[in-house]
K.L.:
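A single structure is presented below for examination.
Here the structure is a predicted model, which means the values were calculated and not measured.
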Amino acid sequence: MTKGIRGCFITGLLVVVPLYITIYVLSLIVGFMDNVLGLLPGLVHPDTYLPFHIPGLGVIFTVGVIFLVGLLTKNIFGRALVVLGERLISKIPLLRMVYNATKQFLETFFSEEHEGFKHVVLVEFPRSGVYSVGFQTGRPKGSLKDKTGGDSVSVFVPTTPNPTTGFYMIVKESEVISIDLSVEDAFKIIMTAGMVMPDKTGKPGSGKN
């Protein structure tokens, strides 16, 4: 009887908690985007003409602005404005650092020229014989490449259970173990400290390909 009640409670918990967190995060995002509407003057603000506030208008507005900026940037005039703006930002030390870091971070995920977190690997960390799940994020360049021999790769090893922090490492390519595991499954393993494992995993192999 007690085990049955406990089992029902745990089952309900596994359904309710992830759903609650998902809804909570979604509400934060929608609320933040709705606050963007506060930047609009009253003359063009939707609430001026609507009898009541409609949640989610900020999302539509934000997505529309992003799409419009992308559309304008694709023509010569728009690109010229972006270049001019980046030149102005580059003259301000703090803003330059934040802007460049953010831009490079986004390009890592959305540009086809970057590997991003598309490649899951195993590395011996924090000591020999102990393996950690990581993501190959690219290859060192410039002096980093020269000092490491040129056959190294960049690896990010997230921490558990918070994968937004972690360790950046430069590892010899021959010491990186490539595994057939999706990024989503890898994050599940990391965030649950190994309690959630994918049903199927491919055979690991040494090196990238």
Side-chain angles (χ1 to χ4, degrees), residues 7-34 55-56 58-60 62-64 66-67 70 98 100-141 152-209:
C8 290
F9 180 77
I10 292 176
T11 301
L13 199 65
L14 292 175
V15 173
V16 172
V17 173
L19 184 62
Y20 172 79
I21 293 176
T22 301
I23 294 175
Y24 177 72
V25 172
L26 182 62
S27 66
L28 288 179
I29 295 173
V30 172
F32 174 78
M33 290 185 174
D34 275 345
V59 177
I60 299 174
T62 304
V63 171
I66 292 174
F67 178 79
V98 175
N100 289 338
T102 304
K103 183 179 179 180
Q104 291 175 5
F105 181 78
L106 291 175
E107 285 178 346
T108 299
F109 283 95
F110 295 107
S111 175
E112 296 181 356
E113 299 176 358
H114 294 80
E115 295 181 54
F117 283 177
K118 298 176 183 177
H119 190 56
V120 185
V121 298
L122 288 177
V123 291
E124 289 191 274
F125 177 81
R127 63 174 177 81
S128 178
V130 176
Y131 295 89
S132 295
V133 177
F135 302 92
Q136 184 172 327
T137 57
R139 293 178 179 274
K141 296 181 180 180
S152 302
V153 295
S154 296
V155 176
F156 173 70
V157 176
T159 53
T160 299
N162 178 16
T164 59
T165 63
F167 302 92
Y168 166 69
M169 294 178 285
I170 299 176
V171 186
K172 292 291 184 181
E173 189 170 14
S174 59
E175 298 177 1
V176 173
I177 302 174
S178 177
I179 55 175
D180 185 14
L181 190 68
S182 69
V183 173
E184 182 180 356
D185 285 339
F187 271 112
K188 287 179 182 178
I189 295 172
I190 293 167
M191 294 177 69
T192 62
M195 290 184 288
V196 175
M197 285 287 179
D199 295 331
K200 296 180 180 180
T201 57
K203 295 180 179 179
S206 181
K208 182 180 177 181
N209 283 317

K.L.:
Between Thr159 and Asn162, is there a side-chain donor-acceptor contact under 3.5 Å, judged purely by atom types and distance?
P.N.:
no
K.L.:
Give the ring-plane orientation class for Phe135 versus Phe187, where under 30° counts as parallel, over 60° as perpendicular and anything between as tilted.
P.N.:
parallel
K.L.:
Centroid-to-centroid, Phe156 to Phe167, below 6.0 Å?
P.N.:
no
K.L.:
To check you understand the geometry: which heavy-atom pair defines the closest contact between Ser132 and Val157, and what is its length?
P.N.:
CB-CG1, 3.8 Å
K.L.:
Does the side chain of Val153 come within less than 4.5 Å of Val155's, by heavy atoms?
P.N.:
yes
K.L.:
Under 6.0 Å from the CE atom of Met169, do we count more than 12 heavy atoms belonging to anything else shown?
P.N.:
yes
K.L.:
Any side-chain heavy-atom pair from Ile179 and Val121 closer than 4.5 angstrom?
P.N.:
no
K.L.:
Might you point out which heavy atoms bring Pro158 and Gly134 nearest each other, and give the distance in Å?
P.N.:
CD-CA, 4.3 Å
K.L.:
Give, for atom CD1 of Ile23 and atom CG of Leu28, the distance between the pair rounded to the nearest 0.5 Å.
P.N.:
12.0 Å
K.L.:
Does Ser154 use its side chain to pair, donor to acceptor, with the backbone of Thr137 at less than 3.5 Å?
P.N.:
no
K.L.:
Any non-hydrogen side-chain atom of Ser152 less than 4.5 Å from a side-chain atom of Glu173?
P.N.:
no
K.L.:
Around Phe67, counting heavy atoms of other residues, nucleotides and ligands shown, do more than 12 lie under 6.0 Å from its CZ?
P.N.:
no
K.L.:
Do Val133 and Leu122 have side chains that get closer than 4.5 Å, going by heavy atoms?
P.N.:
yes
K.L.:
Does any non-hydrogen side-chain atom of Ile189 lie less than 4.5 Å from one of Leu181?
P.N.:
yes
